Amino acid sequence: MSTRTIAITGASGLIGSALTRHFEANGDRVLKFTRTGRSSTSTIAWNPADGTIDAAQLSGVDAVIHMAGAGIGDKRWSNEYKKEILDSRVKGTSLLAQAIAETSDGPKVLLSGSAIGIYGESLTTEFTEQSPIGHGFLADVCAQWEAATESASRAGIRVAHVRTGIVLSPAGGALGKLLPLFKLGAGGKMGSGKQWQSWISIDDEVAAIDYLLTANVTGAVNLTAPNPVTQAEFTKVLAKVLHRPSFLPVPSFGPKLLLGSELAEALLFTGQKVMPEILQKSGYTFTHSTLEAALRSLLNKPS
């Protein structure tokens, strides 16, 4: 296989750093978008807030993987931070898509980040890529985020929106936050535990994104494992793998006091059952299709 040049935004994040390690291990050249300093042989300077990007650096790039955006759960959802969450995605995506569209010898593929929050929440509905957009702040953010790639699509760039679920990695994210509690035997279900958790291992997240670089897929793609679980089942399986109890339920008022009601409700006490229909129909094979297998592999725990 010939060496590819792949540019990544959000390269220092949980997913972006895993992608960088993966591609570099495969012998590909990775260019990281940076908001500090000038472009170099390994970076592309840009500043979405200012609307600036060193578009010349996109010349000769095969594909762009766009994962940048203010962290959904990094801060309480004040009106100011909600605007930052939205603007960091829409402005960055619009800037990037326009630059790609105007680069004649630039990327032919744009994999642009999105999230399963676009479907809203439900205890009963099973969502696929054909499902309508839901309601609420996260659904609105994701809808505008995806729409911001339009200029690249119009220019003939193959654009896929990777609607990522809960990415499981001991290095961070939801699992990274839960591990200390569960190792102490202090973990338990959140609220009723009936809310769906549509998860994907970091290994499959990276492999699926690599797969989509060459797969003939456009539009929405759910990056979730084929066997979502309820939150109660998630905590039960995690406790089992760690050989710890999970009998301490977490009442909703605690996280709501800590995180704020709206953020806690969106991240912890609601969910959606999302199926990876497009990935499976296009031929992708999951490394981890069940939660227990994923957790045992990620945490190096024998069965």
Side-chain angles (χ1 to χ4, degrees), residues 15 66-67 69 72-73 85-86 89-90 93 111-149 153 159-168 173-175 189-202 204-209 211-212 215-235 237 262-291 293-294:
I15 299 170
H66 175 40
M67 307 300 291
I72 296 295
I85 288 171
L86 176 63
R89 286 161 172 76
V90 175
T93 305
L111 303 185
S112 190
S114 186
I116 59 174
I118 197 168
Y119 300 115
E121 60 88 14
S122 176
L123 293 177
T124 57
T125 304
E126 184 173 283
F127 297 102
T128 71
E129 290 88 352
Q130 306 306 314
S131 299
I133 293 172
H135 303 283
F137 172 66
L138 290 181
D140 292 343
V141 167
C142 290
Q144 293 184 58
W145 193 4
E146 293 187 6
T149 63
S153 297
V159 177
H161 301 112
V162 289
R163 294 176 174 175
T164 298
I166 301 168
V167 178
L168 301 183
L175 181 59
K189 68 179 182 180
M190 299 282 183
S192 71
K194 295 179 180 178
Q195 63 272 36
W196 285 98
Q197 308 273 272
S198 295
W199 59 274
I200 185 169
S201 73
I202 187 66
D204 274 313
E205 176 78 5
V206 168
I209 288 173
Y211 171 81
L212 289 171
N216 186 26
V217 173
T218 60
V221 187
N222 292 334
L223 266 62
T224 57
N227 293 294
V229 296
T230 64
Q231 213 278 327
E233 180 67 14
F234 184 97
T235 57
V237 174
E262 188 179 10
L263 173 57
E265 191 68 28
L267 292 189
L268 303 176
F269 300 111
T270 60
Q272 52 279 115
K273 185 180 184 181
V274 179
M275 306 305 295
E277 188 174 89
I278 297 297
L279 267 183
Q280 290 187 303
K281 285 185 175 180
S282 69
Y284 179 76
T285 301
F286 281 85
T287 300
H288 302 127
S289 59
T290 67
L291 180 63

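Residues take their numbers from the sequence shown, with the count starting at 1. Since the structure is predicted, the reported quantities are computational estimates derived from the model, not experimental observations. Computed from heavy atoms alone, side chains included, the values below leave out hydrogens, waters and symmetry copies.
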Let me see the working for Leu291 and Leu168 under side chain to side chain contact (heavy atoms under 4.5 Å, CB included), right down to the final yes or no. CA-CA 10 Å; Leu291 180 63; Leu168 301 183; 3.6 Å; yes
Do Ile72 and Leu138 touch side chain to side chain, with heavy atoms closer than 4.5 Å? yes
Hey, could you give me the CD/NE2 distance between Glu121 and His135, rounded to the nearest 0.5 Å? 11.0 Å
Can any side-chain N or O of Gln195 pair as donor or acceptor with the backbone N or O of Met190 at less than 3.5 Å? yes
Spatial distance of atom OH (Tyr284) from atom CD1 (Ile278) [nearest 0.5 Å]: 15.5 Å
Closest approach of Tyr211 and Leu279, non-hydrogen atoms and distance? CD2-CD2, 4.1 Å
Taking atom types as modelled, is there a side-chain donor on Thr125 or Tyr119 under 3.5 Å from an acceptor on the other? no
Closest contact, heavy atoms only, Ser201 versus His288: OG-ND1, 2.9 Å
Write down the atom of Pro226, the atom of Gln280, and the distance for their closest heavy-atom approach. CB-NE2, 3.5 Å
Go through the steps for Asn222 and Phe127 under the test side chain to side chain contact (heavy atoms under 4.5 Å, CB included), then give the verdict. CA-CA 9 Å; Asn222 292 334; Phe127 297 102; 5.7 Å; no
Look only at the side chain of Gln272 and the backbone of Gly120, and say whether a donor-acceptor pair between them is shorter than 3.5 Å. yes
Glu126 vs Met275 side-chain heavy atoms within contact, under 4.5 Å: yes
Tell me if a side-chain donor or acceptor on His161 pairs with a main-chain N or O of Ser114 at a distance below 3.5 Å. no
Give, for atom CG of Leu212 and atom OG of Ser282, the distance between the pair rounded to the nearest 0.5 Å. 6.5 Å
If you compare all heavy atoms of Ile116 against all heavy atoms of Ser198, which two are closest, and at what distance to 0.1 Å? CD1-CB, 3.7 Å
Counting only N and O atoms by type, is there a donor-acceptor contact under 3.5 Å from the side chain of Thr93 to the main-chain atoms of Val90? no
Tightest non-hydrogen contact, residues Ser122 and Thr124, listed as OG-N, 3.1 Å
Please identify which of these residues, Thr224, Ile200, Leu223, Ile166, meets the side-chain contact (heavy atoms from CB on, under 4.5 Å) condition with Val274. Thr224
Output yes when Arg163 and Glu129 qualify as a salt bridge under the 4.0 Å nitrogen-oxygen rule, no when they do not. no
Please report the closest heavy-atom contact between Ser153 and Val159, naming both atoms and the distance. OG-CG2, 3.5 Å
Enter the distance from Ile15:CD1 to Thr164:OG1 here, rounded to the nearest 0.5 Å. 5.0 Å
